[in-house]
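See below for the structure under consideration.
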Amino acid sequence: MEPGERKKLPSASSEGDRREENKLKRGISLDSTSSPKLDRYKIAKQLTEKAIKEKKIFSIYGHYPVIRAILRRKGWVEKKFHFLPKVTLNVGDDSAGTTENKRAEGKENENMALEKTDDIHDVMSRLVKNEMPYFLWTIKRDVIDYHSLNGDQMLNHYWKTGSFTTKIGLCLNMRSLPWYAQANPDSFFPRCYGLCTESEKQEFLDDFRRTVASSILKWVVSHQTCDRSKPKSRREESGDSDPSNRKGPENDESKLRGLSGQLVDTACRVCQAYLGQREHEDIDISEDAVQDLTEDEWKDLTQQYYALVQGDAFISNSRSHFSQCQALLNRLTSVNPQIEIDGLRNIWIIKPAAKSRGRDIVCMSRVEEILELVAADHLPTKDNKWVVQKYIETPLLIYDTKFDIRQWFLVTDWNPLTIWFYKESYLRFSTQRFSLDNLDSAIHLCNNSIQKHLQNDKERSPQLPGHNMWTSTRFQEYLRRRGRSAVWGSVVYPAMKRAVVHAMRVAQARVEPRKNSFELYGADFVLGRDFRPWLIEINSSPTMHASTPVTAQLCAQVQEDTIKVVVDRKADRSCDTGNFELLWRQPAVELPPFHASDLCVEGVSVRKARKQMPPISSFSCSSSLSDSQPLAVRCPSATPDPAPGRPPTAPQQDLKLRNEKGCQGTPQLRA
């Protein structure tokens, strides 16, 4: 067991319930507890009446024994779900992170059925069966009719959160970040495209081709120190330094295909054109003057690139291109913060837009295969939502193994936007050693729902835990032993905070901001070699199962601390909030007052053009319409009524004629 992982879950056993009952008894008046004949029903009735008076009735749908135990200790009484609600999944609004499965829901109902009828909490639940619950904790939002809730009912979900809890929602909405903050989403969120429209497919294709060109430049720079211009083997790129596993240079050279330096020239031209666009040098250049590659040239460039990175070819005399390639890469790095994570292989990760737990996610490095995969799905356009995201090819590894970080945060209000950040998080390791040669999801996806079905690789370091999880505290100890103790507090933790705030600010206008609701989210991050965290996705209803000693400790702790923030803090603003810290509280936005009586319209009438007017058959206008005067009008009356006995002035006469639709000349306009 890892250090700091000895904390146990709150006991749900019968012994724990007896201790809890004794504690509750102490809350009853002394004259009641002094009677030796006070039975369990009387105790339950008095406790229930107290809970009803204080509006402490709660309901839980899902397997959340920790939440149940915590609320009971605080004097709350549970109104149980005695039926299985019909859950309808709305892909547009639901979250990619609704991670609890049907087995957990069935387990909860089974547990309720097996409860003893003489349990005091079961008695209390029957006593409140007709009462309204004031606290609702559900596994899915759709279990509850969100819009029928009373204002004093608390729910652990918000409505319309798909803008950041689905992969397609986060992909599209992060592009709007510059409108909300002075931040570049490309600095913490790997670029991403939705492949459900032709325009998005074309943008992805253009990005893939640009990455091909920049990868060719990287190949040249990385090989300039070699005695011969030949590619590294795949084992060398993945960190295998065992000479026995390498082929002899004489054998490699005889099998490699030489590529001309024209490949590098073409790649440089593509990168220069991209830099010109990013630096706005193409503003005064017509589209006809731009000489882009033809489709055949792109196809040829891509195929040569495949051979190069797969180790089947090399570039002749690549050293002569080193200076030019290095200069272009330096310029690319200044405008594209993702150059480092791009690597050389141009690997992309393809995800169903609204699924969770790593289902149907694949990694690919050939653009034609990616587009074929999406085209093979013949679902309607509204359902055919695939997301393709640039894979981080240079992640930080621990003992040659990839990991990601699950970080919790809590939103308690959307106006003003209020975010609480959890100080503890945990790392999830892959069961396999990291390698770019094998694109199997078992190597590249660290989701526990995938890794728990796999056996740990025998070649993996024995210093990694068998259950494949570390607490963030354990990770900080690992960094300290390697002389990087300051990295967590100065780089990783602050950057994760910023990423969460940016994502929530972008989504704020799209979420339905119900008061008296809250929601706990789980954000997944991957660290680059420079320790910078990259946001991968945000999950609602993150799993709270005690699947390992790490989650047994932390998941129980975060649930208890959530109750402290959303329940205890209502009564005491200075109460202990556990490991939650207030990350962001936006000033409330108030709409300006609106008074119709203050509206005013002022202006000068537009003079009629001097030309011959056609005769008016119905009546004649005695006054000249061209001699109008400046007009000042204050609402609500457009013009004041003329004084009795006075003939109407020209503007008034003009207005009267137009209202009677009698004048067919050019109408006067008033501002």
Side-chain angles (χ1 to χ4, degrees), residues 2 5 96-97 99 167 190 234-235 237-241 341-345 347-352 355-365 389-407 425-479 482 492 496 522-537 539 542-543 545 547-551 554-555:
E2 301 297 333
E5 295 175 5
T99 56
K167 296 175 179 64
R234 290 187 175 186
R235 287 187 175 272
E237 282 197 0
S238 60
D240 190 346
S241 57
I341 67 171
D342 282 350
L344 288 172
R345 301 291 188 88
I347 300 173
W348 294 74
I349 185 165
I350 299 90
K351 315 174 186 180
K355 289 186 179 181
S356 61
R357 293 178 280 132
R359 291 172 294 178
D360 299 334
I361 295 180
V362 294
C363 294
M364 293 183 174
S365 59
Q389 188 172 38
K390 186 64 188 73
Y391 181 71
I392 300 174
E393 298 184 27
T394 58
L396 180 68
L397 303 179
I398 296 180
Y399 302 123
D400 296 326
T401 305
K402 184 182 176 183
F403 67 93
D404 67 7
I405 300 177
R406 167 58 60 89
Q407 175 66 57
S425 53
Y426 63 94
L427 280 63
R428 305 179 296 188
F429 290 94
S430 171
T431 57
Q432 315 298 312
R433 293 184 64 187
F434 182 76
S435 172
L436 294 178
D437 295 335
N438 186 351
L439 298 184
D440 193 320
S441 58
I443 298 175
H444 303 284
L445 298 183
C446 300
N447 305 56
N448 186 58
S449 57
I450 293 178
Q451 299 295 334
K452 68 182 180 181
H453 300 296
L454 304 173
Q455 295 293 328
N456 289 338
D457 188 351
K458 294 180 180 180
E459 297 181 359
R460 211 180 63 151
S461 172
Q463 299 186 67
L464 291 172
H467 51 71
N468 295 317
M469 287 188 185
W470 272 1
T471 63
S472 57
T473 302
R474 175 69 181 84
F475 179 50
Q476 293 175 62
E477 293 174 358
Y478 168 84
L479 294 174
R482 281 156 178 74
V492 181
M496 289 195 299
D524 294 339
F525 291 90
V526 171
L527 301 187
R529 288 176 180 172
D530 57 357
F531 297 97
R532 289 170 53 195
W534 293 88
L535 175 64
I536 305 301
E537 63 183 19
N539 304 280
T543 180
H545 284 180
S547 56
T548 70
V550 171
T551 53
L554 291 183
C555 290

For Asp457, salt bridge (charged side-chain N to carboxylate O under 4.0 Å, His left out) partners two or more places apart: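 Asp457 satisfies salt bridge (charged side-chain N to carboxylate O under 4.0 Å, His left out) with no residue once adjacent residues are dropped.
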Those residues at least two apart in sequence (or on a different chain) that pass salt bridge (charged side-chain N to carboxylate O under 4.0 Å, His left out) with Asp404 are Arg428
Of the non-hydrogen atoms in [X] and [Y], which two are nearest, and what is the gap between them?
X      : Y      : value
Thr551 : Ser547 : OG1-N, 3.0 Å
Ala442 : Thr431 : O-OG1, 4.4 Å
Leu427 : Ser472 : CD1-CA, 4.3 Å
Pro190 : Ile536 : CG-CD1, 4.3 Å
Phe434 : Ile443 : CA-CG2, 4.0 Å

Checking [X] side chain against [Y] main chain: does a donor-acceptor pair fall under 3.5 Å?
X      : Y      : value
Gln432 : Gln455 : yes
Arg460 : Ser430 : yes
Asn539 : Gly522 : yes
Ser425 : Gln407 : no

Residues that [X] engages under ring pair (Phe, Tyr, Trp, His ring centres under 6.0 Å), provided they are two or more places apart:
X      : answer
Tyr478 : Tyr399, Trp470
Tyr426 : Trp408
Phe531 : none

Is the closest side-chain heavy-atom distance between [X] and [Y] below 4.5 Å?
X      : Y      : answer
Asn468 : Phe403 : no
Phe475 : Ile398 : yes
Leu439 : His444 : yes
Leu464 : Asn456 : no

(request) Please name all residues satisfying side chain to side chain contact (heavy atoms under 4.5 Å, CB included) with Glu393, sequence neighbours left out, ordered by chain then number. (result)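 Side chain to side chain contact (heavy atoms under 4.5 Å, CB included) list for Glu393, sorted by chain: Arg345, Ile347, Lys390, Tyr391, Leu436.
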Please assess Leu527 against Arg532 for the test side-chain contact (heavy atoms from CB on, under 4.5 Å), listing each intermediate value before the final yes or no. CA-CA 5 Å; Leu527 301 187; Arg532 289 170 53 195; over 6 Å; no
Atom SG in Cys446, atom CZ in Arg406: separation rounded to 0.5 Å?
->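 Between atom SG of Cys446 and atom CZ of Arg406 there are 11.5 Å.
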